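For reference, the structure discussed in these notes is given below.
The chains referred to below are lettered A, B, ... by the order of the sequence lines, with proteins before strands, and numbering in each begins at 1. Quick caveat: nothing in here was measured; it's all calculated off a predicted structure.
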Number of protein chains: 2
Amino acid sequence: MRYSRIPDETIRRLPIYLRGLILASEQGQKNISSNDLAEYVGIYPWQIRKDFSYFGDFGTRGVGYNVGKLEREIKRILKINISQKAALVGVGNLGMAILAFPGFGIYGLDIAAAFDINPKKIGRNVKGVTIENISKLGTIKRRKIKLAVMAVPRKAAQETADELVKAGVRGILNFSPCYLLVPNTVKVITIDIAMDMASLPYYMPAS
Amino acid sequence: MRYSRIPDETIRRLPIYLRGLILASEQGQKNISSNDLAEYVGIYPWQIRKDFSYFGDFGTRGVGYNVGKLEREIKRILKINISQKAALVGVGNLGMAILAFPGFGIYGLDIAAAFDINPKKIGRNVKGVTIENISKLGTIKRRKIKLAVMAVPRKAAQETADELVKAGVRGILNFSPCYLLVPNTVKVITIDIAMDMASLPYYMPAS
DNA sequence: ACCTGTGAATAAGTTCACAGCA
DNA sequence: TGCTGTGAACTTATTCACAGGT
């Protein structure tokens with residue numbers, strides 16, 4: 001199976017497996033079967049095995065997968081084995097929560113810069129990152145920052161994205177509730193925390 | 001096409017269309033073609049038409065869709081035409097950002113209660129919501145709250161989910177970075193803001 | 001006996017191409 | 001002419017069932 005195209009859905013699930021493996025690792029597990037991992041992540045064991053089979057033989061028949069090895073393999077596939085610097089744009093309520101969030105490290109992300117337009121915030125130090133004036137956004141180019149997290153108001157979103165593209169960013173995690181137009185040299189993932197909740201009532205079993 | 005099963009992917013896209021329609025509406029558009037809407041949401045026009053066709057004939061040939069009507073239809077399908085009360089559990093950095101976030105209203109969600117374990121926070125009023133002691137979580141049952149937003153530390157997540165289930169909640173938007181085990185009478189959507197970023201490097205075109 | 005890896009079968013979702021109505 | 005609605009073709013993804021190591 002190793003030479004065929006990798007399904008997007010498989011790539012989408014890899015970070016979920018990674019999260020499960022880290023959990024298992026914390027519990028002291030050295031080896032894990034697809035059945036065990038399934039319980040950690042809520043995905044069927046045959047789906048897990050199929051997903052891994054696209055990349056190689058990661059497991060041992062009769063035994064399962066080595067937790068540490070599998071973790072490294074997934075990080076390598078996702079290209080997050082080497083930590084990458086990211087810039088945060090917009091340090092409002094949500095931006096502040098993102099800065100304070102401890103979980104980015106395990107996915108190889110290092111929020112190394114933060115920008116805001118509000119003069120009162122500029123110069124403040126949050127979690128070791130000094131908030132800079134958004135007019136300095138262009139500096140990320142020479143600082144080799146290729147990733148950005150956007151947490152700006154919707155009306156500023158497209159403009160901010162344009163600036164980021166100009167500054168050479170290659171990937172954007174967008175928390176503004178809108179679709180962003182960018183050249184196809186840039187990958188955008190949008191998370192609209194309110195919108196994601198909108199489908200809950202549809203799936204809620206009728207009372 | 002009206003009588004077949006609705007694809008999950010179609011349901012997932014409906015909130016995106018809704019967001020686009022609200023944008024178009026703000027711009028003063030009364031009618032919109034699938035081509036126009038496609039530009040607002042980044043989804044192909046034929047996909048848009050196909051999605052709507054599962055539910056009925058929402059448009060007019062030669063003209064397009066009436067923005068207001070389509071908005072109402074989508075809200076009705078998603079069962080968010082009548083506003084629903086939701087409880088927020090965990091008012092840390094992220095919880096605070098969620099409380100302050102203005103966007104829930106358009107998806108028919110009203111954060112009507114907030115709970116935290118920290119005595120210093122209890123009693124504080126944020127955006128018109130008074131933070132209550134988490135020990136009072138059970139009260140949401142008689143307050144007819146069927147939806148919850150969880151923004152608690154990972155180690156408390158499963159336990160909190162269990163409490164919510166016991167309190168009669170039917171839908172949970174989970175921001176803790178873990179999979180939650182709940183009975184199938186409850187629908188969970190998990191957003192792991194760090195994890196979602198993990199697939200960016202994979203898709204980033206090589207420099 | 002146990003658990004992975006995978007071809008084959010099935011299911012789900014997308015895209016096309018155009019009929020049909022305004 | 002313009003744009004929707006949709007069957008049919010095509011593509012992608014999931015599930016099964018079991019061969020093949022340990």
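Under the 30°/60° scheme for interplanar angles, the aromatic rings of Phe104(B) and Phe101(B) are found to stand perpendicular. By the 30° and 60° cut-offs, the orientation of the rings of Tyr17(A) relative to Phe52(A) is perpendicular.
Across the protein-nucleic acid pair, Lys50(B) atom NZ and dT15(C) atom P stand 12 Å apart, rounded to whole Å. The NZ-P distance, from Lys69(A) to dT4(C), rounds to 13 Å in whole Å. Counting to the nearest Å, the C1' atom of dT4(C) and the CG atom of Asp51(A) are 14 Å from each other. Atom pair Ile6(A):CD1 and dT11(D):P shows a separation of 19 Å (rounding to whole Å applied). When rounded to the nearest whole Å, the span between OH of Tyr54(B) and P of dT15(C) equals 12 Å. For Asn66(A) and dT4(C), the CG to C1' distance is 15 Å, given to the nearest whole Å. Spacing between atom CD of Glu9(A) and atom P of dT15(D) amounts to 11 Å, rounded to whole angstrom units. Whole-Å rounding puts the Phe52(A) CZ to dT4(C) P distance at 10 Å.
Applying the 4.0 Å criterion to OP1 and OP2 of dG5(C), one finds that Tyr65(A) has a side-chain N or O inside that range.
With the nearest nucleotide of DNA chain D identified for both Thr60(A) and Arg12(A), Arg12(A) has the one nearer the 5' end.
Of the residues in residues 23-49 of chain B, those placing a heavy atom less than 4.0 Å from an atom of DNA chain C are Tyr44(B), Trp46(B), Gln47(B), Arg49(B), in numerical order.
Heavy atoms from other residues, nucleotides or ligands lying under 6.0 Å from CD1 of Ile117(A) number 12 at most. With a 6.0 Å radius and a threshold of 12 heavy atoms from other residues, nucleotides or ligands, Ile189(B) has its CD1 atom above the threshold.
With distances taken from any side-chain atom of Ser53(A) to the nucleotides dG13(C), dG5(C), dG7(C), the minimum falls on dG5(C).
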Query raised in the report: Could you walk me through whether Asp110(A) and Ser83(A) pass the side chain to side chain donor-acceptor pair (under 3.5 Å) check?
Result: CA-CA 7 Å; Asp110(A) 166 29; Ser83(A) 174; 4.9 Å; no
query: Would Asn35(B) and Glu39(B) count as a side chain to side chain donor-acceptor pair (under 3.5 Å) if you check the C-alpha gap in whole Å, the side-chain angles of each, and the deciding distance to 0.1 Å?
result: CA-CA 7 Å; Asn35(B) 272 279; Glu39(B) 305 232 320; over 6 Å; no
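Scanning atom types as modelled, no donor and acceptor separated by under 3.5 angstrom connect the side chain of Arg61(A) and the base of dT22(D).
Between Glu26(B) and Arg19(B) there is no salt bridge, since no side-chain N of the basic residue sits under 4.0 Å from a carboxylate O of the acidic one.
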